[in-house]
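Some notes on the structure that comes next.
We use all heavy atoms of the structure for the numbers below, so side chains are in, but hydrogens, waters and symmetry mates are not.
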Amino acid sequence: MSIKKWVHDILKEVGDKALVEAAAKGRTAQEIDEAIEAGIRIVGENYISDLKNVYFDVKRRAEWHFIGSVKTQKHDLLKRKFLEIIDMIETVDSFDFALELDKRCGSLGKVMPVLIEVNSGRESKKSGVMPENTVELVRKVAKLENVKIMGLMTMGPFSANSEEIRPYFRLTKRLFDDIKELNILGVEMRFLSMGMSDTYKVAIEEGANIVRIGTLIFGARK
Ligand SMILES: *Cc1c(COP(=O)(O)O)cnc(C)c1O
């Protein structure tokens, strides 16, 4: 196991072009600790069950992002104990969820930073707001006091060839720039989260400033 070396390699490769978020689904607290020790500052979890398993056993400090499906885990995600420990939700894609999140965060006295997830491939089975509905969603969520939009996130369609995903990253970057230009009150277009182990280079070329890396940090998933 050489998480330390893998983290050094990816941090060196990415340099100051983007933040490297460790996508930690299914990994142990020890593995996550090693990654943080080697220089990782953001840990992304897809599942509340994983977060619950590792969070209190990870000794080193990091920022914790939720990068999984909001729709299927809404009930757990909205619990006080999880909202308290999550630093950003990257996968907000509906006003209904944002509204509930706003209420819960209000009663906690917390403003939750979020990214709006864009379904850049317009895939019926994927989460994310459709590209053409993104501005409207941003405008509505922007009015909520306890939810703060900090940027966009996208997955893009899966493909064996990383070049094939480029148009979807480009589309999301264009939306990001368009929304930034609108100067919507309360919206801060700072983070663009796109790209994974196979696609992060293309994502950075297209303007990503957060890349979510699992395999290249922790090895292949078991
Ligand atoms: C698993 C996952 C990643 C990282 O995937 P790798 O290919 O292992 O780098 C990134 N983002 C999300 C949302 C994921 O679920």
Side-chain angles (χ1 to χ4, degrees), residues 10-11 13-23 41-42 44 63 65-70 86-99 101-102 111-124 126-159 161-213:
I10 185 93
L11 289 179
E13 167 79 35
V14 170
D16 58 7
K17 296 191 283 279
L19 298 165
V20 177
E21 170 173 0
R41 293 291 165 262
I42 309 174
E63 229 183 79
H65 289 198
F66 182 78
I67 58 174
S69 163
V70 156
I86 291 170
D87 297 298
M88 181 183 281
I89 300 175
E90 294 195 20
T91 45
V92 172
D93 64 356
S94 78
F95 183 68
D96 286 354
F97 175 76
L99 192 59
L101 180 63
D102 179 64
V111 176
M112 180 66 80
V114 303
L115 305 183
I116 299 296
E117 182 180 0
V118 179
N119 186 349
S120 55
R122 315 187 89 269
E123 297 168 281
S124 57
K126 283 236 175 101
S127 48
V129 59
M130 288 297 165
E132 65 273 23
N133 299 330
T134 304
V135 172
E136 189 193 343
L137 178 62
V138 167
R139 285 194 190 282
K140 285 172 79 177
V141 174
K143 297 203 173 85
L144 302 173
E145 275 182 23
N146 310 297
V147 174
K148 173 142 182 89
I149 298 179
M150 304 282 302
L152 302 181
M153 178 269 202
T154 198
M155 295 283 291
F158 174 77
S159 162
N161 173 358
S162 69
E163 266 310 312
E164 285 174 9
I165 203 167
R166 188 183 293 277
Y168 304 98
F169 289 162
R170 189 166 290 180
L171 178 147
T172 309
K173 173 63 158 67
R174 191 173 317 135
L175 269 172
F176 180 86
D177 290 339
D178 289 350
I179 294 167
K180 194 186 254 179
E181 272 198 18
L182 291 173
N183 271 318
I184 300 166
L185 192 68
V187 172
E188 196 177 325
M189 277 287 132
R190 195 195 301 178
F191 299 114
L192 181 55
S193 172
M194 26 185 224
M196 321 203 305
S197 291
D198 291 339
T199 55
Y200 75 91
K201 287 184 186 169
V202 173
I204 290 171
E205 284 166 14
E206 295 302 330
N209 58 19
I210 297 180
V211 291
R212 306 178 310 270
I213 308 293

Q | By side chain to side chain contact (heavy atoms under 4.5 Å, CB included) - contacts of Ala23 (at least two apart) | A | Ile67
Q) Does Thr172 have any side chain to side chain donor-acceptor pair (under 3.5 Å) partners at least two apart in sequence or in another chain, and if so, which? A) none
Q | Heavy-atom pair of closest approach, residues Ser193 and Leu115 | A | CB-CD1, 3.7 Å
Q: Go through the steps to decide whether Ile10 and Val211 satisfy the test side-chain contact (heavy atoms from CB on, under 4.5 Å), and finish with yes or no.
A: CA-CA 10 Å; Ile10 185 93; Val211 291; 5.9 Å; no
(Q) Using 0.5 Å steps for rounding, measure from the CZ atom of Arg170 to the OG atom of Ser120. (A) 13.5 Å
Q.
To the nearest 0.5 Å, what is the distance between NZ on Lys201 and CD on Glu163?
A. 12.0 Å
Q. Side chains of Leu171 and Pro131: closer than 4.5 Å at any heavy-atom pair?
A. yes
Q) Considering all heavy atoms of both residues, which atom of Ala18 and which atom of Ala208 are nearest to each other, and what is their separation? A) CB-O, 3.9 Å
Q. Can any side-chain N or O of Ser94 pair as donor or acceptor with the backbone N or O of Phe97 at less than 3.5 Å?
A. yes
Q: Scan for salt bridge (charged side-chain N to carboxylate O under 4.0 Å, His left out) pairs involving residues 188-200, sequence neighbours excluded, and state none if there are none.
A: Lys148-Glu188, Glu188-Arg190
Q.
Show every side chain to side chain donor-acceptor pair (under 3.5 Å) that has at least one partner inside residues 131-141, sequence neighbours left out.
A. Arg122-Glu132
Q. How long is the span from the OG1 atom in Thr199 to the CD atom in Glu206, to the nearest 0.5 Å?
A. 11.5 Å
Q) What residues, two or more places apart in sequence or in another chain, satisfy side chain to side chain contact (heavy atoms under 4.5 Å, CB included) together with Glu164? A) Ser159, Asn161
(Q) If we check side-chain contact (heavy atoms from CB on, under 4.5 Å) with Leu101, which of these qualifies: Val114, Asp96, Leu144? (A) Val114
Q | OH on Tyr200 to CD on Glu13, rounded to 0.5 Å | A | 4.0 Å
Q: Please report the C-alpha distance between Met112 and Asn146 in whole Å, then the side-chain angles of each, then the deciding distance to 0.1 Å, and finally whether the side-chain contact (heavy atoms from CB on, under 4.5 Å) criterion is met.
A: CA-CA 6 Å; Met112 180 66 80; Asn146 310 297; over 6 Å; no
Counting only pairs under 3.5 Å, give me each side-chain donor-acceptor contact of residues 175-182, with atom names and distances, residues two or more places apart or in other chains.
unit_1, atom_1, unit_2, atom_2, d
Asp177, OD1, Lys173, NZ, 3.1
Asp177, OD2, Lys173, NZ, 2.9

**Q.** CD1 on Ile204 to CD1 on Ile210, rounded to 0.5 Å
**A.** 11.5 Å
(Q) Going by side chain to side chain contact (heavy atoms under 4.5 Å, CB included), name the residues that satisfy it together with Ile42, two or more places apart in sequence or in a different chain. (A) Leu19, Glu21, Glu63, His65
Q | Distance, nearest 0.5 Å, that separates CZ of Phe66 from CE of Met88 | A | 14.0 Å
Q. Are the side chain of Asn119 and the backbone N or O of Met130 linked by a donor-acceptor pair below 3.5 Å?
A. no
Q: Taking Thr154 for its side chain and Val118 for its backbone only, find out whether a donor-acceptor pair lies under 3.5 Å.
A: yes
Q: State which residues pass side chain to side chain donor-acceptor pair (under 3.5 Å) with Asn209; sequence neighbours excluded, sorted by chain then number.
A: none
Q | For Pro157, all residues meeting side chain to side chain contact (heavy atoms under 4.5 Å, CB included), sequence neighbours excluded | A | Glu123, Ile165, Tyr168
Q: Not counting sequence neighbours, which residues clear salt bridge (Lys or Arg N to Asp or Glu O under 4.0 Å) with Glu145? List them please.
A: none
**Q.** For Arg174, side chain to side chain donor-acceptor pair (under 3.5 Å) partners two or more places apart
**A.** none
Q.
Quick check: do Val20 and Arg41 have side-chain heavy atoms less than 4.5 Å from each other?
A. no
Q.
Give me the atom names and distance for the closest heavy-atom approach of Phe95 to Leu137.
A. N-CD1, 3.5 Å
